[in-house]
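Working notes, beginning with the structure itself.
Protein chains get the first letters and strands the later ones, always in sequence-line order, with residue 1 at the start of each.
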There are 2 protein chains.
Amino acid sequence: MTPHEQLLSYFQSKTHLSPEEFSEFKDFFVLKKVKRNELLLREGEVCTFNLFVLSGLLRMYHIGPEGQEFTRYFAFENKFGTSLTSLIEGMPSIENIQAVEKSEVLKISKVDFFKLVETVPSVNLIYKNILEQAYITSQKRIYDFQGKTALERLKWLLSHQPGILNRIPSRLVASYLGITSYTLSRIKAEL
Amino acid sequence: MTPHEQLLSYFQSKTHLSPEEFSEFKDFFVLKKVKRNELLLREGEVCTFNLFVLSGLLRMYHIGPEGQEFTRYFAFENKFGTSLTSLIEGMPSIENIQAVEKSEVLKISKVDFFKLVETVPSVNLIYKNILEQAYITSQKRIYDFQGKTALERLKWLLSHQPGILNRIPSRLVASYLGITSYTLSRIKAEL
DNA sequence: ACTGACTCTTGCCCTACAGCAATACCTTGA
DNA sequence: TCAAGGTATTGCTGTAGGGCAAGAGTCAGT
């Protein structure tokens with residue numbers, strides 16, 4: 001399957017879109033290969049693109065005042081990922097985007113993307129869907145973690161994303177759970 | 001200013017909308033008066049409406065496993081407020097909606113609202129705006145609170161929403177900051 | 001204006017998690 | 001294949017905030 005075929009499949013799983021319509025704008029999405037640990041966006045830069053992950057894995061994370069990393073989201077294969085707030089507001093990003101593994105992505109510029117959102121109904125719908133899901137994911141994570149201990153949060157993660165501990169370094173899992181890697185290491189013993 | 005005039009002003013502050021266009025759908029929004037502390041939605045119910053706050057103040061909050069309340073959002077005058085995740089997914093809400101003060105709201109049913117989103121371009125735009133802002137607000141709150149002490153979070157709140165401590169009972173401010181009211185009481189002494 | 005009921009404050013103790021340091025364990029590249 | 005640098009584990013200790021209980025303050029309804 002070519003990169004663009006993979007993207008078309010994604011669109012078709014969410015909305016109606018014929019290959020003919022797709023071919024009119026598919027070239028806005030260009031293939032980009034990224035190395036493990038490579039940064040695609042740094043805190044402070046304005047985000048001017050949206051990314052569709054073909055293979056590999058990205059993470060969006062923030063660095064706190066004392067240098068602690070906090071991972072907001074892991075973008076796996078067949079997901080869009082970007083610094084949404086920076087993309088929407090056009091302001092410097094407060095988060096970094098990094099490839100956790102060697103990855104392949106399709107990149108579309110901000111202007112092209114929003115042009116499509118306004119002119120192609122199916123892309124408009126995809127964008128509405130991205131926004132809704134981003135919001136829902138963010139809310140669920142807050143509420144599901146609220147009032148829970150580190151161990152309970154870990155169990156929640158394992159039940160929702162089994163296998164994540166094998167694929168992603170503990171350091172990053174800890175930063176996703178909002179705990180230090182020391183604590184993660186300790187509570188893993190209690191599982 | 002009548003309730004509908006107030007809503008029209010809000011729309012016009014966000015997008016172009018003539019009084020004539022507005023009058024075609026304004027009756028979908030019906031006035032509702034709510035008493036202090038009255039619940040407009042309970043956890044477990046499916047949310048079937050969107051609310052525009054004319055006067056007063058609503059809060060959206062969740063009750064944790066041990067009964068601790070966690071306030072996600074205060075909807076002040078001239079804001080839309082609802083349980084967005086429940087409205088979008090059509091699933092039981094995980095949050096409650098309560099009037100903090102005696103309030104007046106304009107209520108629109110879910111079906112009418114989404115009908116307008118699909119048929120009236122300016123409402124479509126308002127909805128996109130609501131989603132974007134909901135997401136951005138949620139993210140900023142997470143990142144701004146990340147790695148900060150309770151005292152720092154309180155200072156952040158006071159600088160972003162001065163006067164909130166006078167208008168809203170401490171209990172609720174504490175639940176917004178993610179701390180107990182004991183702790184809030186103690187850190188207020190350190191201001 | 002009075003009373004009963006919430007709401008806020010504060011002393012005390014407790015617990016979950018942070019953070020350092022030392023050790024053991026993987027990876028990756030020449 | 002081996003060395004080097006990152007990553008994970010674990011003992012020890014420190015601390016922010018939780019939670020109870022008792023008291024003070026405040027507000028709403030009759």
Side-chain angles (χ1 to χ4, degrees), chain A residues 34-39 56-57 59 61-71 74 98-103 144-158 164-191, chain B residues 34-39 56-57 59 61-71 74 98-103 144-158 164-191:
Chain A
V34 284
K35 291 199 278 273
R36 191 166 113 77
N37 291 329
E38 185 175 336
L39 279 168
L57 171 54
R59 73 173 178 126
Y61 68 102
H62 171 68
I63 299 178
E66 269 92 40
Q68 342 83 305
E69 294 189 356
F70 179 71
T71 299
F74 292 109
Q98 183 185 39
V100 175
E101 307 169 350
K102 177 165 170 290
S103 308
D144 287 341
F145 281 9
Q146 179 59 18
K148 295 227 172 70
T149 65
L151 180 57
E152 289 168 325
R153 295 207 289 269
L154 174 59
K155 284 179 179 165
W156 176 92
L157 180 63
L158 290 175
I164 203 173
L165 265 180
N166 305 323
R167 182 161 177 189
I168 295 176
S170 291
R171 257 187 64 236
L172 304 186
V173 173
S175 90
Y176 181 78
L177 292 174
I179 58 180
T180 60
S181 49
Y182 307 127
T183 300
L184 177 56
S185 189
R186 285 187 262 260
I187 62 178
K188 276 200 280 186
E190 294 174 39
L191 272 181
Chain B
V34 284
K35 291 199 278 274
R36 188 162 118 58
N37 291 328
E38 185 175 336
L39 280 168
L57 171 54
R59 74 173 177 126
Y61 68 103
H62 170 68
I63 299 178
E66 269 92 40
Q68 342 82 308
E69 294 189 356
F70 179 71
T71 299
F74 292 109
Q98 182 185 41
V100 175
E101 306 170 351
K102 177 164 169 291
S103 307
D144 287 341
F145 280 10
Q146 180 58 18
K148 295 228 171 71
T149 65
L151 181 57
E152 289 168 326
R153 295 206 290 269
L154 175 59
K155 283 178 178 164
W156 177 92
L157 180 63
L158 290 174
I164 202 172
L165 265 181
N166 305 323
R167 182 161 177 189
I168 295 176
S170 291
R171 255 187 66 235
L172 304 187
V173 173
S175 90
Y176 181 78
L177 292 174
I179 58 180
T180 60
S181 48
Y182 306 127
T183 300
L184 177 56
S185 188
R186 284 188 263 258
I187 62 178
K188 275 200 282 185
E190 294 173 40
L191 272 179

Measure [atom1]/[X] against [atom2]/[N] and give the value in whole Å, please.
{"X": "B:L151", "N": "D:dG17", "atom1": "CG", "atom2": "P", "value": "8 Å"}
{"X": "B:R153", "N": "D:dG17", "atom1": "CZ", "atom2": "P", "value": "7 Å"}
{"X": "B:F70", "N": "D:dG18", "atom1": "CZ", "atom2": "P", "value": "12 Å"}
{"X": "B:L172", "N": "C:dT7", "atom1": "CG", "atom2": "P", "value": "8 Å"}
{"X": "B:N166", "N": "D:dC27", "atom1": "CG", "atom2": "C1'", "value": "17 Å"}
{"X": "A:L154", "N": "D:dA8", "atom1": "CG", "atom2": "P", "value": "14 Å"}
{"X": "A:I168", "N": "D:dA8", "atom1": "CD1", "atom2": "P", "value": "12 Å"}
{"X": "B:K148", "N": "C:dA18", "atom1": "NZ", "atom2": "C1'", "value": "18 Å"}

Point to revise | Any B:T149 side-chain N or O less than 4.0 Å from OP1/OP2 of D:dA16 | key: no
Review point. Under 4.0 Å between a side-chain N/O of B:S170 and OP1 or OP2 of C:dC8, yes or no?
Key: yes
Write down the atom of [X], the atom of [Y], and the distance for their closest heavy-atom approach.
{"X": "B:T183", "Y": "B:A150", "value": "CG2-CB, 4.2 Å"}
{"X": "A:L172", "Y": "A:T71", "value": "O-OG1, 4.1 Å"}
{"X": "B:P65", "Y": "A:Q146", "value": "CD-O, 4.2 Å"}

Review point. Is there a residue in residues 182-191 of chain A whose heavy atoms reach under 4.0 Å of DNA chain D, and which residues are they?
Key: A:Y182, A:S185, A:R186, A:K188
Is there a donor-acceptor pair under 3.5 Å between the side chain of [X] and the backbone N or O of [Y]?
{"X": "B:R171", "Y": "B:S181", "result": "no"}
{"X": "A:Q98", "Y": "A:N37", "result": "yes"}
{"X": "A:E152", "Y": "A:T149", "result": "yes"}

Review point. Angle class for the A:F145/A:Y176 ring planes (parallel below 30°, perpendicular above 60°, tilted otherwise)?
Key: perpendicular
Review point. Under 4.5 Å between any side-chain heavy atoms of A:D144 and A:R153, yes or no?
Key: no
Review point. Can you find a pair of side-chain heavy atoms, one from A:L191 and one from A:I187, that are under 4.5 Å apart?
Key: no
Check your understanding: For every nucleotide of nucleotides 25-30 of chain C, 5' to 3': is a protein heavy atom under 4.0 Å from its base (B), only from its sugar-phosphate (S), or from neither (-)?
Key -> ---S--
